[in-house]
Amino acid sequence: GINAEYGPAKGQPFTAIKKAIRYFAGRQIRNVGTPAGNLATASPISDLNPVFVATNSTLIAKSLKKTTELPMASFFKRYRVTELPEDAVIAAIRIPVAAEKGEYVKSVSYTHLRAHETVLDLVC
């Protein structure tokens, strides 16, 4: 697993993502859906989007003419609006490892308690 490669402290962002994926949509969507879909639509009910923002992840967008790196901290402009260029697709998400000491990442989701309501995520 990821903790074998990075250790439990540095692997915290990936552990948080793995936990959030458990609540990623229904089973059928979870089996074929991607985090990029929730990112591109600025889904307010995504359990993963707050984790990407809190971990200072970077979205890599590609168009026919250029590649753009977009920090997740400024990716969401407002409800359902993002910085993704209109001619680009999400090609990758770069997720940094956590610091060995002094950094704590955990995702807590309440999505599973009430279906079809806006997510309450706490990411530290």
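What you are looking at is a predicted structure, and each value in this text was computed from that prediction instead of being measured.
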From F14 atom CZ to T55 atom OG1, the distance as rounded to the nearest 0.5 Å: 8.0 Å
Least distance between heavy atoms, A9 atom then A98 atom: O-CB, 3.4 Å
Connected via hydrophobic side-chain network under 4.5 Å: V51 and I60: no
Rounded distance [0.5 Å steps], CD in E100 versus CD in Q12: 9.5 Å
Nearest-0.5 Å distance, NZ of residue K62 to CG of residue D87: 14.0 Å
Rounded distance [0.5 Å steps], CD1 in I17 versus OG in S57: 6.0 Å
Distance-minimising heavy-atom pair for A42 and V81: CB-N, 3.8 Å
From CE (M72) to CG (L39), nearest 0.5 Å: 4.5 Å
Closest non-hydrogen atom pair between E83 and S74, with its separation: CG-O, 3.2 Å
Minimum-distance pair of heavy atoms, taken over all atoms of A40 and T82: O-CG2, 4.1 Å
Separation between CZ of R94 and CG of N56, rounded to the nearest 0.5 Å: 12.5 Å
Centroid-centroid distance, F75 to F52, less than 6.0 Å: no
I90 to L59 - nearest heavy-atom pair and separation: CD1-CD1, 3.7 Å
